[in-house]
Number of protein chains: 2
Amino acid sequence: MPVYKAPVDDVQFLLNDVFHIERYDNLPGFADASPDVVSAIVNEAAKFSEQVLAPLNRSGDIEGCTRHPDGRVTTPKGFKEAFRQLSEGGWIGLGAPAEFGGQGLPHVVSTAVGEFMISANMAFSMYSGLTQGAVAAMVEHASEDLKKTYLPKMISGEWAGTMNLTEPHCGTDLGLLRTKAVPQADGSYKISGTKIFISGGEQDLTSNIIHLVLARIEGAPAGTKGISLFVVPKVMVKPDGSLGDGNGVSCGSIEHKMGIHGNSTCVMNYDGATGWLIGETNRGLNAMFVMMNEARLAVGLQGLAQSEVAYQNAALYAKERVQGRALTGAKAADKAADPLIVHPDVRRMLMEIRAFNEGARALMLWTALNGDVSHRSDDTKARQASDDMMGLLTPVIKGVLTDRGFANAVQAQQVFGGHGYIAEQGMEQFVRDARIAMIYEGANGVQALDLVGRKLGKDGGRAVMAFFAEVQGYIKEHVDDEKLNVYLKPLGKALADLQQGTMWFMQNAMAQPDNAGAGSTDYMHLFGLVALGYMWARIAQAVNVKLASGAAGDADRLKAKLVTGKFFAERMLPETAVHLVRIQNGASSMMELPAEAF
Amino acid sequence: MPVYKAPVDDVQFLLNDVFHIERYDNLPGFADASPDVVSAIVNEAAKFSEQVLAPLNRSGDIEGCTRHPDGRVTTPKGFKEAFRQLSEGGWIGLGAPAEFGGQGLPHVVSTAVGEFMISANMAFSMYSGLTQGAVAAMVEHASEDLKKTYLPKMISGEWAGTMNLTEPHCGTDLGLLRTKAVPQADGSYKISGTKIFISGGEQDLTSNIIHLVLARIEGAPAGTKGISLFVVPKVMVKPDGSLGDGNGVSCGSIEHKMGIHGNSTCVMNYDGATGWLIGETNRGLNAMFVMMNEARLAVGLQGLAQSEVAYQNAALYAKERVQGRALTGAKAADKAADPLIVHPDVRRMLMEIRAFNEGARALMLWTALNGDVSHRSDDTKARQASDDMMGLLTPVIKGVLTDRGFANAVQAQQVFGGHGYIAEQGMEQFVRDARIAMIYEGANGVQALDLVGRKLGKDGGRAVMAFFAEVQGYIKEHVDDEKLNVYLKPLGKALADLQQGTMWFMQNAMAQPDNAGAGSTDYMHLFGLVALGYMWARIAQAVNVKLASGAAGDADRLKAKLVTGKFFAERMLPETAVHLVRIQNGASSMMELPAEAF
């Protein structure tokens with residue numbers, strides 16, 4: 001049975017010592033997030049994740065969800081009770097507005113907590129995660145009436161939320177969608193169509209399910225400019241807020257899939273279901289983007305979270321399992337063999353994973369903090385700058401953290417040898433679960449294209465220039481700090497590669513857009529490496545500051561960070577060079593063959 | 001339902017035009033392998049793989065194997081009939097000696113055929129694959145008596161063979177093994193102990209199962225020098241060759257695992273089972289190495305085979321599924337959207353997979369051909385040179401082809417978007433099945449260490465120097481061929497990286513062996529890239545020759561190879577640079593942390 005221990009200390013170090021969240025206490029919600037409060041919250045979340053959610057992870061995978069002939073779906077044993085505890089603990093509304101019953105805490109705090117819950121039980125955490133996304137979209141775009149009707153009960157966990165985009169013939173290309181909305185005299189709409197891959201589309205955890213559904217109002221233009229967003233409750237809500245009759249929406253089937261068995265992936269049939277418009281007519285994608293961006297960051301977090309729990313189990317196994325002798329002579333001469341961790345190649349696997357995890361956690365929290373500033377600051381320039389940064393980093397986080405997160409789960413499984421392939425060990429579940437994160441909420445190739453095709457050029461390249469300036473500025477500022485040399489020099493080289501790659505696109509992709517598409521995935525990973533390298537430099541600097549001020553009990557843990565960051569800088573950052581070569585290679589050999597040759 | 005079409009044309013092109021197997025017809029068996037005969041064989045194997053084996057792949061995954069309370073194991077529906085056809089077709093003994101009923105054909109031919117069968121149904125093909133490995137070990141090391149008793153029926157498919165190494169506490173480190181062998185007055189031994197992860201340890205396909213078992217004879221030295229190899233039949237064989245009583249061996253349980261569900265992975269309990277020594281006392285590992293090396297190449301072939309079938313399905317999907325528009329303007333203006341294959345990033349995924357597959361197929365066949373020379377030539381020097389090459393390339397093929405094969409299956413799955421995660425599509429099965437190949441027959445980290453720690457330095461580096469000389473010589477020989485420039489220049493650069501990496505080990509790993517371990521996996525992949533790049537150069541040259549001589553019907557397929565090889569040279573070969581950086585980085589940051597820090 002796999003274990004999980006939430007990285008509570010690391011989160012607090014990042015929040016307090018690296019990102020100094022106390023400096024943001026002029027923002028709404030931050031004043032309530034003093035170090036003591038945050039410490040209490042993350043410790044409580046750790047306990048809940050470790051003790052309630054983690055034990056349901058493997059049993060949920062084995063049992064999966066069941067659809068009954070009447071369309072009801074049963075989630076695995078224990079999920080309902082765990083969801084009740086999750087709701088009562090106020091976890092769903094941690095970052096939601098106080099006026100609807102949320103706690104209004106910074107998003108950076110709920111991100112930290114989110115990682116723990118996903119590590120403990122990814123399939124389970126999706127039910128509440130999507131609810132939080134639906135809440136965010138409605139807070140921003142729904143009418144006051146709709147907000148009042150739905151938000152309090154979604155935030156309390158009495159009801160859940162879902163996201164309905166995909167149809168059998170269209171996923172990425174939403175312009176093709178066919179679900180129809182017919183306006184009714186009372187201002188509502190009748191929604192008809194089929195949606196697929198709807199996570200938590202039907203379940204037995206909540207008394208109502210609030211579906212956010214993209215559909216085309218009769219007569220609307222074709223393509224993406226004719227799509228509107230609707231809220232469609234599973235059960236109609238009476239004016240007094242109590243539940244009325246069922247609505248015309250049902251679960252037609254659930255998918256058999258590679259992983260996340262504990263989450264019901266539903267085909268949803270809308271058959272003249274009553275819905276209400278969210279936001280403006282034909283601007284549904286705009287409203288849905290709030291939820292999508294939120295979801296993309298959450299999916300990036302899934303990559304990190306699965307990588308973290310897989311790492312923890314691999315590290316434990318590597319210290320316990322004895323097999324072979326160290327190349328430098330026996331280390332545990334009293335035993336029949338040395339523990340796996342004496343072998344450099346096993347170390348390599350563990351170091352690669354942890355060097356990613358600790359950098360990625362910093363990147364997640366830094367981006368969430370940017371999100372908080374962009375939503376809560378009253379300084380227009382600060383809002384814009386943070387919004388730019390978050391928009392730029394969203395595809396990077398989604399694409400890179402899930403690609404690497406999956407690869408890391410595979411690598412952690414490898415540490416177990418044959419035992420990693422056996423279901424009882426739980427390692428193969430991490431791999432199967434992590435796999436979906438590279439696909440949903442926009443496959444990673446789509447993220448790469450979003451980065452290169454949209455985010456780079458947006459506002460004349462304002463966001464990417466700001467990112468370059470920030471990293472460059474940081475390097476300059478610390479150029480005389482000899483202790484940081486080992487991190488900053490490789491970072492400077494990597495940044496130069498990224499700038500060259502960017503320049504190459506500017507010179508070669510305008511006239512030939514396939515050159516952008518051909519290099520997009522490499523560019524995304526190149527960007528991710530630089531972003532992670534930047535985080536490592538900031539971590540190392542914070543460690544040095546803390547060590548200098550005498551961080552007694554924590555010294556070993558902090559010093560380990562200096563080594564791990566060095567490993568990242570020396571062995572992982574240099575990958576940028578190959579990405580640059582590939583970018584500069586352009587589209588020619590890639591696009592040369594006719595389609596029939598494949 | 002996934003499709004599969006065996007790459008019959010590619011195999012024949014490689015055998016005839018790249019490797020010119022007709023030049024080897026002085027070797028036993030090769031005279032029988034004329035182009036016409038080979039063509040008939042591979043076409044027949046293709047038909048059998050496509051029509052009989054492939055349809056059982058997904059059903060076998062769903063149904064899996066069942067162990068009954070009495071210890072019997074049932075394989076999935078259809079496997080028994082398919083195994084009967086496999087046996088009757090003479091496929092198991094294709095490369096086995098004629099004196100025991102085999103066809104004595106070159107190993108290079110059975111390797112080609114093996115790829116088809118594994119692509120069609122990896123779990124199924126393991127039953128016969130392990131039988132072939134057991135046959136090979138017995139041909140080389142068993143007494144004439146044992147050979148006569150067992151080989152004909154294993155080769156005919158009446159009986160199957162297995163390989164019993166792993167025990168609960170030891171996999172890689174066989175020196176720890178505890179299974180005991182007690183000598184009996186009649187020259188037999190009583191074997192007792194528990195073996196785990198025994199593929200096909202129990203099944204219902206054959207009337208007997210011949211287990212090759214590593215065990216320690218009472219009183220033998222500890223460690224690997226006290227291990228002997230035994231043949232232990234499931235059912236005792238009477239002097240007249242008919243089956244007698246059951247032997248003291250039984251299947252205690254079967255594993256629930258990530259993939260290859262159609263193959264029974266058994267815990268085997270030996271309880272005073274009767275066995276006979278194969279080869280010399282305490283030299284069991286030496287005898288088992290024949291089977292292990294055979295198996296390692298076969299597992300490398302699994303990596304390629306899963307990559308190939310995954311590619312075929314991804315390519316088909318990319319041409320059929322319409323989603324989005326080309327960056328350069330609509331390509332299928334009559335349709336609602338363009339096929340996926342117009343998108344550069346989808347192309348990238350497909351090109352990376354096929355560039356690997358075609359190069360890897362060449363490398364597999366070239367190595368098998370070396371195996372044939374090493375076993376069949378009467379020229380001592382040629383035997384030695386080929387044996388060196390095969391020994392050197394075995395860990396490279398096992399490690400690189402399975403790492404990349406798995407990554408390619410994941411990438412092919414990615415082309416399907418959300419649909420790739422759904423079991424019905426079959427793509428996720430390729431991923432789950434391919435995963436084991438990185439682990440068994442020596443986890444890939446162990447392969448890397450075998451390459452760096454054993455194969456490099458063996459005989460004063462004779463094998464690796466010969467490999468360098470061969471590639472260098474090839475580049476020199478063709479340096480004036482302008483058409484080959486695009487392949488040879490990057491190959492020369494990659495070879496230089498490999499030579500530098502080798503030199504670095506010589507200078508830095510003797511005194512500090514952890515430096516070898518730290519760079520071993522990178523070195524293995526660096527080596528693999530050079531080997532594949534060399535294959536691509538030879539393929540391109542053969543294509544040019546064939547096109548110049550007017551290869552009418554085949555021209556499009558051949559020209560596509562020139563583009564695919566260019567893609568490999570331009571975009572994949574440059575990865576060698578990063579591997580070299582990592583090798584030269586040594587063990588320091590990797591080994592610095594104390595074990596408790598993990």
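In what follows, every chain begins at residue 1, and chains take the letters A, B, ... in the order their sequences are listed.
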Quick check on [X] against chain B: is it the side chain, the backbone, both or neither that has a heavy atom closer than 4.5 Å?
X	answer
Ile260(A)	both
Leu176(A)	side chain
Ala587(A)	neither
Gln429(A)	neither
Tyr440(A)	neither
Thr564(A)	side chain

Within 45° cone and under 6.0 Å: Arg354(B) NZ/CZ vs Phe598(A) ring =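 Yes.
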Of all of [options], which one pairs up most often with chain A through heavy atoms under 4.5 Å apart?
options	result
Ile422(B), Asn444(B), Leu449(B)	Ile422(B)
Thr576(B), Val431(B), Val563(B), Thr265(B)	Val563(B)
Ser588(B), Gly175(B), Gly259(B), Ala222(B)	Gly259(B)
Glu428(B), Met590(B), Glu592(B), His256(B)	Met590(B)
Val346(B), Leu174(B), Ile436(B)	Ile436(B)

Backbone of [Y] reached by a side-chain donor or acceptor of [X] within 3.5 Å:
X	Y	value
Arg435(B)	Val410(A)	yes
Asp173(B)	Gly324(A)	yes
Gln323(A)	Gly171(B)	yes

Run the side-chain contact (heavy atoms from CB on, under 4.5 Å) check on Ile196(A) and His419(B) step by step: do they pass?
-> CA-CA 10 Å; Ile196(A) 64 169; His419(B) 298 275; 3.8 Å; yes
Checking salt bridge (charged side-chain N to carboxylate O under 4.0 Å, His left out) for the pair Glu575(A)/Arg582(B): CA distance, chi angles, key distance, verdict?
-> CA-CA 10 Å; Glu575(A) 287 169 26; Arg582(B) 290 212 191 103; 2.6 Å; yes
Between Asp522(A) and Arg571(B), does at least one N-O distance fall below 4.0 Å, as a salt bridge requires?
->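 Between Arg571(B) and Asp522(A) there is a salt bridge, with a charged N closer than 4.0 Å to a carboxylate O.
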Pick one of side chain, backbone, both or neither for [X], based on which atoms fall under 4.5 Å of a heavy atom in chain A.
X	answer
Phe406(B)	side chain
Ala595(B)	both
Ser520(B)	side chain
Gln413(B)	both
Leu593(B)	both
Tyr421(B)	both

Top residue by heavy-atom pair count (under 4.5 Å) with chain B, among [options]?
options	answer
Val581(A), Thr328(A), Asn515(A)	Thr328(A)
Ala315(A), Ala443(A), Ala518(A)	Ala518(A)
Met427(A), Arg325(A), Met572(A), Arg348(A)	Arg348(A)
Arg321(A), Lys257(A), Arg347(A)	Arg347(A)
Met438(A), Lys566(A), Met591(A), Arg432(A)	Met591(A)
Lys559(A), Glu596(A), His169(A)	His169(A)

Closest non-hydrogen atom pair between [X] and [Y], with its separation:
X	Y	result
Pro344(B)	Gly517(A)	CB-C, 3.5 Å
Gly417(B)	Ile439(A)	C-CG2, 3.3 Å
Ser589(A)	Met351(B)	O-CE, 3.7 Å

Got a second to check how far Gln414(B)'s CD is from Thr521(A)'s OG1, nearest 0.5 Å?
->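 Between atom CD of Gln414(B) and atom OG1 of Thr521(A) there are 9.0 Å.
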Can you measure from CE (Met258(B)) to CD (Gln425(A)) and round to the nearest 0.5 angstrom?
->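 Taking CE in Met258(B) and CD in Gln425(A), the distance rounds to 13.5 Å.
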Would you find more than 12 non-hydrogen atoms of other residues, nucleotides or ligands less than 6.0 Å from Arg178(B) atom CZ?
->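 At most 12 heavy atoms, drawn from other residues, nucleotides or ligands, come within 6.0 Å of this atom.
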